[in-house]
Q: 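My questions will all concern the structure given below.
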Amino acid sequence: MWGTTFLLAVREIRRHLLRSFLTILGIVIGVWAVVTMVTLGQGATAAVKQQISSLGANVLQVRPGQGFGRGGGGPQPPDFKIEDLDAIRTQIVGVQAVAPLVQSTGTAVYNAANWSTTVNGTNREYFTAQPWTFTSGRIFSPAEEQAGKAVCIVGNTVRNRLFRGMDPVGQRFRIKNISCEIIGALAPKGQGGFGNDQDDIVLMPYKAVQRRMTGNRDVRMIMVSVDADYDSQRVQASLRDLLRERRHLTDAAEDDFNIFDTKQISDTLSGTTQILTSLLGAVAAVSLLVGGIGIMNIMLVSVTERTREIGIRLAIGAVAREVLLQFLVEAVTLACLGGLLGLFLALVSTLILAPVLKVPFIFDPQINLVAFIFSALIGVVFGYFPARRAASLNPIEALRHE
Amino acid sequence: MANDVAPGELLIQLRGVTKVFGEGPTAFAALKGVDLDIARGDFVAVMGPSGSGKSTTMNILGCLDVPTAGEFLFRGHHVEKLERDQRALLRRRYLGFVFQGFNLLARTSALENVELPLVYRGEEKTARRAAAMAALDKVGLADWWDHTPAELSGGQQQRVAIARAIVTHPDVLLADEPTGNLDTERSIEIMELLTDLNRNSGITVLMVTHESDMAAYAHTIVHFRDGLVERFEVTEGAGVKA
Ligand SMILES: Nc1ncnc2c1ncn2[C@@H]1O[C@H](COP(=O)(O)OP(=O)(O)O)[C@@H](O)[C@H]1O
Ligand SMILES: [Mg+2]
């Protein structure tokens, strides 16, 4: 009986192809929208997480000044000193690595090629705090760091500009008129969270940068990598207290430095994209519901149109349940077809849209399955009422129906 | 339902059957106390003026409707006491219908139309096909099995309808004005087919007709007037007028 009922439904759908298509259009668009939104949203969340993690997971970035876009006027607050780093290292619990960042810009020259780039002076601990991989070479040795030797590690962009495809390790080039030996080359990281090129960089021991480029003992930024077992909020609080003390701020004074917590930003951003994804998904789910009403509408029309057929079936001896089942199976088959078509369109459109939106394509079988089951359920729910109406028709009146 | 009825025994009994449509002041009594016995193997024609209750009676006999009062015994079942679905099962097992308007499924081949009752009986596809072809053969339309109703003449459509009615080997064939939409020649063909089914397949035939020429094929003619049986008339059958 089930097989026959299903075949009957398929035949009825085939017989009214255009009408069937219009019937399921709502479901098609609903499923399409839900799955596309959620798939792209999940891709965006993953992309945000990925970008943030390129800043280093669980890293506190400490800069002088009151943070982005604040405290425009007045005297520039002082930079940090290397002694601040030592104090952090010895006085704060839960700190894994502390790295200075002494920044300068300059033109790098190798043979005929030259390229203007950023030079970051730092220490060995920097490589614990920052997730860099090396394509070749090594980090500075303790002796090189101590002596402030002119040794360089180049980012992928610098390497491409100056050395083309060649392995630069062992070569010497000039940067800001210092001759520098290249001891390492970094693998590309790609664009940062703010659209900056993270690979346009040269790393050197901080003492070398201070002595031969900036000409002072200032440190522009401190990176503090928090041990995963410790609460970064707590570490952040004690770090703040320590720096206030060292910078001789009175209780009334505001911080003249800011602490940027990558973990917090990561959590906030991915939380935001997740909320956005759910919201868009919910909006799309409403359209799926509207699709269900479309099915009910057309099924009701179909029942009226086929009243005489129902009369014939009842006269021949179909029981109410069989007629109900016939129409219900038809509605569910339609809804499932709509669901499948929607899933297919969603797959195609996410494959097209993901690269355009610079979001990774992540196929999530769960959302596909949920959307499909949901559309089948909509077929059951919205097909039931018309099917009930068909099953409860009076055979004599149904046969008389024109 | 295994209490089979032997030929000549009473198959159908109506006892004081009334049917009232509507309620209150608009209530209308279409049947006012009909008594009717039909034996197995009978060929009964029901005649009477329009509105005299012929179709109402046929609907009750066909288990499509129930009397307002009175008894309807079919094969020993009190049909007036049965639920909707139980009556559907009686129809499925024992009854075949032929209507004035043919009532075939549109855009569906003759074969599939004839198969339909077997689908509800849960028969296998191959058995269904064979039985439906046999029924079509019996009505002389074996060569037309793949034609849809739109591709068939009125007479042919009615013969497909008869094939559909007899494919389950029913006890009773109920036909409400089966020749009402057909010309005389086609009507005679249908009547000869019904006579053959009655004689050679042992099917009890109940038929409503306006035309005495067609009624003359029956053994018994029941005359209705104003919701009551006016009189019975026994004929020689097979179209010979009394
Ligand atoms: N469903 C109904 N509701 C109200 N009146 C009906 C209904 N069916 C039949 N009638 C009335 O019952 C009477 C008998 O109808 P019917 O049995 O169809 O007569 P006929 O002998 O022409 O077949 C008619 O007057 C008809 O109007
Ligand atoms: Mg009538």
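Computation of the quantities below employed the complete heavy-atom set of this structure, encompassing side-chain atoms and omitting hydrogens, waters and symmetry-equivalent molecules. All chains are named by letter (A, B, ...) in the order of the sequence lines, taking the proteins before the strands, and each is independently numbered beginning at 1.
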Q: As an exercise, state the distance from CZ of A/R321 to CG of B/D85, rounded to the nearest 0.5 Å.
A: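 CG of B/D85 is found 8.0 Å from CZ of A/R321.
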
Q: Is it true that atom CZ of B/F102 has more than 12 heavy atoms of other residues, nucleotides or ligands lying nearer than 6.0 Å?
A: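 More than 12 heavy atoms, drawn from other residues, nucleotides or ligands, come within 6.0 Å of this atom.
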
Q: Quick check on B/R84 against chain A: is it the side chain, the backbone, both or neither that has a heavy atom closer than 4.5 Å?
A: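 Looking at B/R84, just its side chain touches chain A.
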
Q: What part of B/A106 is in contact with chain A, defined as an atom under 4.5 angstrom from a non-hydrogen atom: side chain, backbone, both or neither?
A: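 Contact with chain A: backbone only.
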
Q: Answer with side chain, backbone, both or neither: which region of B/L104 has an atom nearer than 4.5 Å to a non-hydrogen atom of chain A?
A: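 It is the backbone, since no side chain atom gets that close.
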
Q: Only one of B/T168, B/V119, B/L116 passes side chain to side chain contact (heavy atoms under 4.5 Å, CB included) with A/I316; say which it is.
A: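 Among the candidates, only B/L116 passes.
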
Q: If you count heavy-atom pairs under 4.5 Å between each of A/R308, A/E309, A/R15 and chain B, which one has the most?
A: A/R15

Q: Within a radius of less than 6.0 Å around CZ of B/R15, do more than 12 heavy atoms belonging to other residues, nucleotides or ligands occur?
A: yes

Q: Just wondering, more than 12 heavy atoms not from A/F21 lying within 6.0 Å of its CZ?
A: no

Q: Please say whether more than 12 non-hydrogen atoms of neighbouring residues, nucleotides or ligands are located less than 6.0 Å from CD in B/E83.
A: no

Q: Has A/H16 got more than 12 heavy atoms of other residues, nucleotides or ligands less than 6.0 Å from its NE2?
A: yes

Q: What are the two closest heavy atoms between A/A318 and B/A88, and how far apart are they?
A: O-CB, 3.7 Å

Q: Other residues, nucleotides and ligands only: do more than 12 of their heavy atoms fall within 6.0 Å of CG on A/D364?
A: yes

Q: For A/F344, look at atom CZ and say whether over 12 heavy atoms of other residues, nucleotides or ligands are found less than 6.0 Å away.
A: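 No, because the 6.0 Å sphere around CZ of A/F344 holds 12 heavy atoms or fewer from other groups.
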
Q: Which bit of B/R121 is near chain A, if near means a heavy-atom gap under 4.5 Å: side chain, backbone, both or neither?
A: neither

Q: For side-chain contact (heavy atoms from CB on, under 4.5 Å), just list the numbers for B/L105 and A/R313, CA-CA rounded to whole Å, side-chain angles, deciding distance to a tenth of an Å, and then say yes or no.
A: CA-CA 9 Å; B/L105 295 186; A/R313 291 179 184 280; 3.8 Å; yes

Q: Hey, is CZ on A/R389 packed in by over 12 heavy atoms from elsewhere, all under 6.0 Å?
A: no

Q: Mind running salt bridge (Lys or Arg N to Asp or Glu O under 4.0 Å) on B/R107 and A/E12 for me, showing each step along the way?
A: CA-CA 10 Å; B/R107 284 167 298 186; A/E12 196 58 37; 5.7 Å; no

Q: Under a 4.5 Å heavy-atom cut-off, does chain B meet the side chain of A/A391, its backbone, both or neither?
A: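 Backbone only.
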
Q: Any donor and acceptor pair, going by atom type alone, linking the side chain of B/D65 with main-chain N or O of A/I396 inside 3.5 Å?
A: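 The answer is no, because no donor-acceptor pair under 3.5 Å joins these two groups.
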
Q: Tell me which of these, A/N394, A/L314, A/I312, has more heavy-atom pairs under 4.5 Å with chain B than the rest.
A: A/I312

Q: Looking at B/E112 and A/R11, is any side-chain nitrogen of the basic one under 4.0 Å from a carboxylate oxygen of the acidic one?
A: yes

Q: So which part of A/Q326 gets closer than 4.5 Å to some heavy atom of chain B, the side chain, the backbone, both or neither?
A: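 Contact with chain B involves the side chain of A/Q326 alone.
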
Q: Give the minimum heavy-atom separation between B/L64 and A/A315, together with the two atoms involved.
A: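 Nearest heavy atoms, B/L64 then A/A315: CD2-CA, 3.9 Å.
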
